[in-house]
Colleague: 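Starting off with a structure, shown below.
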Amino acid sequence: GNGDAPPPPGQGGNAPLTGEYGPTQAEALATLLAHGNAGINSISGGGGSESLKGELAQARVEKDRALKELKTEKESLVNAKMIISSLEKANKSMMEDLRSRLHDSNTAIASLLEKSMESEKTTAKLQAELEVLRMEKAKNEDAMSQQHERSVARVAMATETID
């Protein structure tokens, strides 16, 4: 044999003399028969050619449909990419705006904190000055009270001497 076809039953190879084929030979014979029947149908001219034309037309229709689906999917992918890009730009813009607002808020808070600290220092300074003034006032009041008492005592002594 030429190696393409299995030997007929009972002639060479592994086929037993009983007329049965081995698994490899059976597979090869089935392949030959399938191809042979297709060849016979195309040679016979009639319905086989029409059947092939129908299958070809069906395959073309399926190909066109698959191409349309592919085109639609490509367009959808392009649209999805544009949407994603737009969302990323919007997100970036929002993040920059939030960063700017946060920076402004932090600057305002720092300014308020600085003013608050200055106010506390000023308040403490003014309280110290107020305390000094109170002490001076109390001291002056004591001095005036003592002077008044001395004046009253002198007036009383002067009045007694006059009497």
Colleague: My understanding is that only residues two or more places apart in sequence, or in another chain, count here; which of them pass side-chain hydrogen bond (donor to acceptor under 3.5 Å, both in side chains) with Glu131?
Modeller: none

Colleague: Could you go step by step and tell me if Thr159 and Val155 meet the side-chain contact (heavy atoms from CB on, under 4.5 Å) rule?
Modeller: CA-CA 6 Å; Thr159 320; Val155 170; 3.9 Å; yes

Colleague: State, with a plain yes or no, whether a side-chain heavy atom of Glu141 is found less than 4.5 Å away from one of Lys137.
Modeller: yes

Colleague: Nearest 0.5 Å please: distance from the CG atom of Leu87 over to the CE atom of Met94.
Modeller: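 With rounding to 0.5 Å, CG (Leu87) is 9.5 Å from CE (Met94).
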
Colleague: Quick one: does any side-chain atom of Ser93 pair with a main-chain N or O of Lys89 as donor and acceptor, under 3.5 Å?
Modeller: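 Looks like no, no N/O pair under 3.5 Å.
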
Colleague: When rounded to the nearest 0.5 angstrom, what is the spacing between CD in Gln58 and OG in Ser51?
Modeller: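 Answer rounded to 0.5 Å: 11.5 Å.
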
Colleague: Measuring only between side-chain heavy atoms, which start at C-beta, is Asn79 closer than 4.5 Å to Met82?
Modeller: yes

Colleague: What residue pairs, at least two apart or across chains, pass salt bridge (Lys or Arg N to Asp or Glu O under 4.0 Å) with a residue in residues 67-85?
Modeller: Arg65-Glu69

Colleague: What I'd like to find out is whether the side chain of Leu130 reaches to under 4.5 Å of the side chain of Leu126, using heavy atoms alone.
Modeller: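 They are not in contact (no side-chain heavy atoms under 4.5 Å apart), so the answer is no.
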
Colleague: Which residue pairs pass the salt bridge (Lys or Arg N to Asp or Glu O under 4.0 Å) test when at least one of the two sits in residues 93-110, sequence neighbours left out?
Modeller: Asp97-Arg101

Colleague: Just verifying a value: how many Å separate Lys63 NZ and Leu56 CG, rounded to the nearest 0.5 Å?
Modeller: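 Reported to 0.5 Å precision, the distance equals 10.0 Å.
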
Colleague: Return the CD1 to CD distance between Ile83 and Glu88, rounded to the nearest 0.5 Å.
Modeller: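 Rounded to the nearest 0.5 Å, the CD1-CD separation comes to 12.5 Å.
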
Colleague: Find the distance between CG (Leu113) and CG (Asn106) and round it off to the nearest 0.5 Å.
Modeller: 11.5 Å

Colleague: Quick one: does Ser119's side chain have a donor or acceptor within less than 3.5 Å of a partner on Lys115's backbone?
Modeller: no

Colleague: Atom CD of Glu118 and atom CD of Glu120: how far apart are they, to the nearest 0.5 Å?
Modeller: 11.0 Å

